[in-house]
Structures are given as structure tokens and as C-alpha cells.
**Student:** 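Encoded as C-alpha cells, here's the structure I'll be asking about.
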Amino acid sequence: MRTWEIDATAVRTLLAAAVAAPSIHNTQPWRFGLDADNGSVEVRAAVGRRLPMTVPDLRARHLSVGATVFNLRVAAAHLGWVPVVRLLPAEDDPELLAIVHLAGAGGDGPASGTGRPVNGTRLL
């Protein structure tokens, strides 16, 4: 399946794969943000879902988020994008753990020119 548009079906597919990742005590310690203008998905830590008594150093949270980023990459590749990941992209925003840019989405449309972005940013 190849799609260049970030539409509701593509978002559902990406997020369904991402949230199916294993996580520490099934806490799912992540939140997602979609920036359809530049074709990227932000993966943020869900602050209220950390387990300070069980895992005080946040190692398990980072492993859990790594699993969700991996699933997101696989789903993006399945939809025809080339996922480009930046880990810990902003020093001043410690809750932003990764940005997955969907190369081929937004302004990076396919060579044939058939891609068309959907504008707007929203938290999912």
C-alpha cells in the first residue's frame, strides 16, 4: 500500500501500529503530535505515566518509547514513506523524545508529484 497523503486513514494506521508496542507495565508512556505541514510525527513522554518507584531512572520509559518509534517506522514504510528519525531533538524540551519525519509526505512529495499534504498540526 503506497500513500503520500497524511489523511485520517494513514494517521489511524500509523498510530494503531505505534500504540501496539510493548511498554513497561503496559503504561504506554507516550503521546503523539502530528505536524502534517512538514510530514512529521512527534513522540513525547506522557509525564503522568511514569513509574518513579519502579523505574526511577526512566530507562524503561525510553525502551518503551523506542518500541513505539520502531512500530511507527515500520507502519510508515508500509504506507510508502521513508521514516527519518531524530532522537531527543530539542535540549530545551525534555519531553520530546523523537521526531519521525515521513519523507515523501508534505513538501517532500514523490517525484511524480502525486502527493498532497493535509495542512494543520494537532495533538493525537
**Student:** Give the cluster check for L72 versus I99: same hydrophobic cluster or not, with ILVMFWY residues linked at side-chain heavy-atom distances below 4.5 Å.
**Tutor:**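 L72 does not cluster with I99.
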**Student:** Report the C-alpha distance between V65 and V43 in whole Å, list the side-chain angles of each, state the deciding distance to 0.1 Å, and finish with yes or no for side-chain contact (heavy atoms from CB on, under 4.5 Å).
**Tutor:** CA-CA 8 Å; V65 169; V43 182; 3.7 Å; yes
**Student:** Going by the rule side chain to side chain contact (heavy atoms under 4.5 Å, CB included), which residues pair with A76 if we only count those two or more places apart in sequence or in a different chain?
**Tutor:** L14, W81, P83, L102
**Student:** So, N38 versus S40: side-chain donor-acceptor pair below 3.5 Å or not?
**Tutor:**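 Note: N38 and S40 side chains meet the donor-acceptor criterion.
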**Student:** Considering residues at least two apart in sequence or located in another chain, which fulfil the side chain to side chain contact (heavy atoms under 4.5 Å, CB included) criterion with L88?
**Tutor:** L97
**Student:** Can you name the closest pair of heavy atoms from L96 and P89 and give their distance?
**Tutor:** CD2-CG, 3.6 Å
**Student:** CZ of R31 to OG1 of T68: how many Å apart, nearest 0.5 Å?
**Tutor:** 13.5 Å
**Student:** Measuring from atom NE2 of H101 to atom CG of D35, what distance do you get when rounded to the nearest 0.5 angstrom?
**Tutor:**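 With rounding to 0.5 Å, NE2 (H101) is 10.0 Å from CG (D35).
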**Student:** Take L79 and T13, measure what side-chain contact (heavy atoms from CB on, under 4.5 Å) needs, and give me the verdict at the end.
**Tutor:** CA-CA 9 Å; L79 292 174; T13 300; 4.2 Å; yes
**Student:** Where do V84 and A103 come nearest, in terms of heavy atoms and distance?
**Tutor:** CG2-CB, 4.3 Å
**Student:** Under 4.5 Å between side-chain heavy atoms, hopping through other hydrophobics if needed: is there a path connecting V74 to L15?
**Tutor:** no
**Student:** Does F70 share a hydrophobic cluster with V100, counting links as ILVMFWY side-chain heavy atoms below 4.5 Å and allowing steps through other members?
**Tutor:**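 In one cluster: no.
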**Student:** Could you walk me through whether V19 and W30 satisfy the side-chain contact (heavy atoms from CB on, under 4.5 Å) test, starting with their C-alpha distance in whole Å, then the side-chain angles of each, then the deciding distance to 0.1 Å, before giving a yes or no?
**Tutor:** CA-CA 9 Å; V19 301; W30 48 67; 3.8 Å; yes
**Student:** According to salt bridge (Lys or Arg N to Asp or Glu O under 4.0 Å), does anything in residues 84-103 pair up with another residue at least two apart or in another chain? List the pairs.
**Tutor:**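 Applying salt bridge (Lys or Arg N to Asp or Glu O under 4.0 Å) to every pair that reaches into residues 84-103, excluding sequence neighbours, yields R44-D93, R61-E95.
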**Student:** Should I6 and V11 count as side-chain neighbours, where that means a heavy-atom distance under 4.5 Å?
**Tutor:** yes
**Student:** Hey, does S64 have a side-chain heavy atom less than 4.5 Å from the side chain of P22?
**Tutor:** no
